[in-house]
Amino acid sequence: MTDAVKGPAGYFPSIEKKYGRPVAEWKELIRSSPLTRHGELVTWLKTEHALGHGHANALVAHTLAEDNGR
């Protein structure tokens, strides 16, 4: 039996299915944005790319944590 993925990454399969882009592509969009603050990035994904709040939050949280070495 495998352990279920927890935390923000647990959203990744549904994000890919719902929005039709791989998570790596979303992370590149986040990293290429001139925005740097969590809330700004979440709002940007919601308004410019029509992501739901939970999906946008998960992508931003995971990406920023990776970039900060967490």
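Please read all numbers here as calculations on a predicted model, not as lab measurements.
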Heavy atoms, side chains only, cut-off 4.5 Å: are [X] and [Y] in contact?
| X | Y | value |
| --- | --- | --- |
| Leu64 | Thr36 | no |
| His38 | Asn57 | yes |
| Pro8 | Leu59 | no |

With sequence neighbours excluded, what pairs up with His55 under the ring-ring contact (aromatic ring centres under 6.0 Å, His included) test? Tyr11, Tyr19
Where the side chain of Ser32 meets the backbone of Leu29, is there a donor-acceptor pair that is under 3.5 Å apart?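 Between the backbone of Leu29 and the side chain of Ser32 there is a qualifying donor-acceptor contact (under 3.5 Å).
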Pro22: partners by side chain to side chain contact (heavy atoms under 4.5 Å, CB included), with sequence neighbours left out: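 Per chain and number, Pro22 pairs via side chain to side chain contact (heavy atoms under 4.5 Å, CB included) with Glu16, Glu25.
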Taking all non-hydrogen atoms of both residues into account, name the closest pair between Pro13 and Gly10 and its distance. CD-O, 3.7 Å
Donor-acceptor pairs under 3.5 Å, side chain of residues 45-52 to any protein atom, not counting sequence neighbours: which ones?
residue : atom : partner : partner atom : Å
Lys46   : NZ   : His53   : ND1          : 3.2
Thr47   : OG1  : Thr43   : O            : 3.0
Thr47   : OG1  : Trp44   : O            : 3.4

Can you pull out every salt bridge (Lys or Arg N to Asp or Glu O under 4.0 Å) where at least one residue sits in residues 31-40? Sequence neighbours excluded, please.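 Listed by first then second residue: Arg31-Glu66, Arg31-Asp67.
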